[in-house]
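Heads up, the thing below is written out as structure tokens.
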Amino acid sequence: MRVAVVGQGYVGLTAALGLAEQGHRVTGVESDPARLAALEDRRIPFDEPGMDGLLDRLLAGGGLRFAATLATAGPGPDAVVVAVGSPPTPTGRPDLRHVHAALAQVAALDPAPSLVMVKSTVPPGTSATWLAGARGAPLRDRYVYSPEFLNQGAALEDWRHPARLVAGLSGPGPLPLVRELYRGVEAPWVVTDPTSAEVIKYAGNAFLATKVSFAADLVTLCEGTGADIDAVLTGTGLDPRIGPAFLRAEAGYAGSCLPKDTRALAHWARLTGHHLPVVDAVATSHQTQLLRPVRILTEHLGAARLLAGETTVAVLGLRYQTWTDDLRDAPCQTLLPELAASGARLRVWEPSLTPERITALFPVAEVAPGPDRALAGAAAALVLTDWPELLGADWSALARLMRPPRLLVDTKNCLPPAALTATGLVYRSMGPRRPAAGTGPG
Ligand SMILES: NC(=O)C1=CN([C@@H]2O[C@H](COP(=O)(O)OP(=O)(O)OC[C@H]3O[C@@H](n4cnc5c(N)ncnc54)[C@H](O)[C@@H]3O)[C@@H](O)[C@H]2O)C=CC1
Ligand SMILES: O=C(O)[C@H]1O[C@H](OP(=O)(O)OP(=O)(O)OC[C@H]2O[C@@H](n3ccc(=O)[nH]c3=O)[C@H](O)[C@@H]2O)[C@H](O)[C@@H](O)[C@@H]1O
């Protein structure tokens, strides 16, 4: 099939590469000139394992090309995939302007494509409303809402081996073409209507956010009881009905989608007068959990000292996962402005970003070229990323560079508590941690 994929972000580029690899002739449509230029220059505009080689191969083989607009994407595509962003607005409502603009461009195509697949995450009812309108009605029997579930850092692998394929259709007509588009991808299918498919997407992310939030409640429970958070999470997650995934002690959930989609659901509930108490509680509790590291810093350093601008806090890492450079809704976006507003002087080390990029993101922060320079003279440190450089560091030497109280707040629970305490650091994690008792016999 000739396929145009509108939007070449994490989802759209993955779809373009995946579909071209499956043998379709694909045009990736990207309206951002810098992103388009990077792709035409065979550069992946973000960190995603495995994409570089595949992009080279597909461009060389002619199965993939890029264009700035759908109208210039080549003669009449058989299928158009819409994968543009649906970012949050301040109230939580997703901003659907890109989705509507892309759909308007699809509706203007002559001849009309045989299949229109929307992958962008949109609130329940969005497809039905569009299909009932003047532009959408003619495409009703060609439309499918097929949400995307990929994880950043494993995007291509998730495309090739998804846990499920969801097709939300108004009628059975387009199903053979949807199957043809996904040919070669093996997964259980859920064939349903567009609104149910939209709900499935939100349900998945809201459930994962609930699990992360529940783990955050366990952190609080462990802080209140003195229980060991590592043992509690392992002991809970080993129940196969619960499972260890997304049961991690962190300061709230992060990333481009869990926070945005949970807020979008809570907003939908407020707007429509339907009560979703669990989702509401998750979205609210997330705001509190996010600030846990700041609470720990303030408790140990004293709000007055912070306010007086006497305290330097070293921030070690900005990424929320080592494997993705996407900082949308990463904890650093909340924590650094919050600490700066409380008077702390910030010094940031982030090995994957240039000093210019760090300064552009956080103009108030000083940039350090290494953990040692970040920690020199700092009274406290905040570990936001479990970078190997930190896991393998000589913490005795690093601790000596710091000033009392030498507080280290490990938001990823990635460093060994006993070894760090032995260096003279005051080690604080997300919940109390003790040397592992293990899960083996005896
Ligand atoms: N990032 C992720 O891991 C996942 C994202 N999603 C959803 O997929 C959608 C896309 O997400 P991302 O790829 O992260 O977004 P993104 O923001 O990284 O990429 C969107 C791209 O679309 C381009 N664009 C916008 N309007 C356009 C138009 N009319 N023509 C051509 N290009 C246009 C933008 O310039 C941008 O490069 C969102 O709705 C998101 O919620 C779903 C699953 C996973
Ligand atoms: O809709 C989306 O955009 C995507 O959102 C998340 O993917 P992603 O944004 O890449 O982020 P994750 O790696 O899932 O991390 C989200 C949060 O969960 C936490 N997490 C992740 C994995 C884990 O095992 N445990 C855990 O607590 C992370 O630290 C982070 O706070 C979902 O996992 C994807 O299935 C979904 O497609």
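The figures here come from the full heavy-atom set of this structure, side chains too, leaving out hydrogens, waters and symmetry mates. Worth saying up front: this structure is predicted, and the values here are computed from it rather than measured.
Interatomic distance, CE of M51 versus CG of L13, reported as 4.5 Å (0.5 Å rounding). Separation of atoms CG (L247) and CG (D239) is listed at 10.5 Å; rounding is to 0.5 Å. For the atom pair R248 CZ and D230 CG, the distance stands at 12.5 Å (nearest 0.5 Å). Atom CZ of residue R400 and atom CG of residue D372 lie 12.5 Å apart, to the nearest 0.5 angstrom. Atoms CD and CG, from E186 and L165 in turn, are 9.5 Å apart once rounded to the nearest 0.5 Å. Here the CD atom belonging to E48 is positioned 12.0 Å from the CG atom belonging to L54, to the nearest 0.5 angstrom.
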* Asked: For L17 and L58, what are the C-alpha separation, side-chain angles and deciding distance, and is it a side-chain contact (heavy atoms from CB on, under 4.5 Å)?
  -> CA-CA 8 Å; L17 292 166; L58 292 169; 3.8 Å; yes

* Under the side-chain hydrogen bond (donor to acceptor under 3.5 Å, both in side chains) rule, what do S285 and T288 come out as? Steps first, then yes or no, please. => CA-CA 5 Å; S285 124; T288 314; over 6 Å; no

* Asked: Stepwise, does the side-chain contact (heavy atoms from CB on, under 4.5 Å) test hold for L19 with L64?
  -> CA-CA 9 Å; L19 290 166; L64 176 64; over 6 Å; no

* **Verdict with reasoning, T121 to Y202, per side-chain hydrogen bond (donor to acceptor under 3.5 Å, both in side chains)** => CA-CA 8 Å; T121 302; Y202 278 101; over 6 Å; no

* Start with the C-alpha distance between D217 and T220, add both sets of side-chain angles, then the distance that settles side-chain hydrogen bond (donor to acceptor under 3.5 Å, both in side chains), and finish with yes or no. => CA-CA 5 Å; D217 272 7; T220 307; 5.0 Å; no

* Just do the side-chain contact (heavy atoms from CB on, under 4.5 Å) check on V426 and L408 with the steps written out, would you? => CA-CA 6 Å; V426 177; L408 186 130; over 6 Å; no

* Would D47 and R319 count as a salt bridge (charged side-chain N to carboxylate O under 4.0 Å, His left out) if you check the C-alpha gap in whole Å, the side-chain angles of each, and the deciding distance to 0.1 Å? -> CA-CA 12 Å; D47 272 11; R319 290 187 174 194; 2.7 Å; yes

* To do: Output, in order, the C-alpha distance, side-chain angles, deciding distance and verdict of salt bridge (charged side-chain N to carboxylate O under 4.0 Å, His left out) for K201 and E198.
  => CA-CA 5 Å; K201 175 62 202 172; E198 289 160 352; over 6 Å; no

* Assess whether side-chain contact (heavy atoms from CB on, under 4.5 Å) is satisfied between V144 and V116, documenting all intermediate values. => CA-CA 6 Å; V144 58; V116 180; over 6 Å; no

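No donor-acceptor distance shorter than 3.5 angstrom exists from the side chain of Y143 to the backbone of G168, with no hydrogens or angles considered. Panel note: side chain E350, backbone G317; no donor-acceptor pair is recorded below 3.5 Å. With Q22 contributing its side chain and L181 its backbone, the two residues share a donor-acceptor pair below 3.5 Å. S429 places a side-chain N or O within donor-acceptor distance of the main-chain N or O of G431, the cut-off being under 3.5 Å. Checking side-chain atoms of T324 against main-chain N and O of Q321 turns up no donor-acceptor pair under 3.5 Å. Listed for the D158 side chain is no donor-acceptor partner under 3.5 Å among the backbone atoms of P162. A donor-acceptor distance shorter than 3.5 angstrom exists from the side chain of H286 to the backbone of Y253, with no hydrogens or angles considered. Under the 3.5 Å distance criterion, the side-chain polar atoms of T354 are matched with a main-chain donor or acceptor of R357. Side chain of Q105 to main chain of A71: no donor-acceptor pair is present (N/O by atom type, distance under 3.5 Å, no hydrogens or angles). Remark: the backbone N or O of D280 is paired with a side-chain donor or acceptor of T284 at under 3.5 angstrom.
In summary, D56 and R43 do not engage in a salt bridge, as defined by a charged side-chain N under 4.0 Å from a carboxylate O. Ion pairing between a basic and an acidic side chain is recognised when a charged N comes within 4.0 Å of a carboxylate O; D386 and K412 show no such pairing. Under the 4.0 Å criterion applied to side-chain N and carboxylate O atoms, E21 and R160 are assigned as salt-bridge partners. Salt-bridge formation is not detected for the pair R292/E250: no Lys NZ or Arg NE/NH1/NH2 atom is positioned less than 4.0 Å from an Asp or Glu carboxylate oxygen.
Across all their heavy atoms, N413 and Y427 have their closest contact at CA-OH, 4.3 Å. When all heavy atoms of P337 and C332 are compared, the pair lying nearest together is CD-O, 3.6 Å. Looking at every heavy atom in both residues, S120 comes nearest to Y145 through O-OH, 2.8 Å. Closest heavy-atom contact between P124 and T195: CB-CG2, 4.2 Å. The heavy-atom pair separating T210 from V282 by the smallest distance is OG1-CG2, 3.5 Å. Residues G255 and D329 approach most closely at O-CB, 3.1 Å, considering heavy atoms.
With contacts defined as side-chain heavy-atom distances shorter than 4.5 Å, the pair V122/L96 qualifies. Between W395 and L390 there is a side-chain heavy-atom pair separated by less than 4.5 Å. Side-chain contact check for V313 versus R347: every heavy-atom pair is 4.5 Å or farther apart. Using a 4.5 Å heavy-atom cutoff, the side chains of V5 and T27 are not in contact. Side-chain atoms of V81 and V3, non-hydrogen and from C-beta on, do get closer than 4.5 Å to each other. Counting heavy atoms from C-beta on, the side chains of F362 and V315 never come closer than 4.5 Å. Side chains of Q152 and F46 form no contact here, defined as non-hydrogen atoms less than 4.5 Å apart. Counting heavy atoms from C-beta on, the side chains of R164 and V166 come closer than 4.5 Å.
A 6.0 Å sphere centred on CZ of F214 holds no more than 12 heavy atoms belonging to other residues, nucleotides or ligands. Within a 6.0 Å sphere centred on CZ of R65, other residues, nucleotides and ligands contribute more than 12 heavy atoms. The environment of R42 atom CZ is dense: over 12 non-hydrogen atoms of other residues, nucleotides or ligands sit within 6.0 angstrom. Within a 6.0 Å sphere centred on CZ of R295, heavy atoms belonging to other residues, nucleotides or ligands number more than 12.
Between W189 and Y182, the ring-plane angle classifies as perpendicular under the 30° and 60° cut-offs. Relative orientation of the W268 and H274 rings is parallel, given thresholds of 30° and 60° on the angle between their planes.
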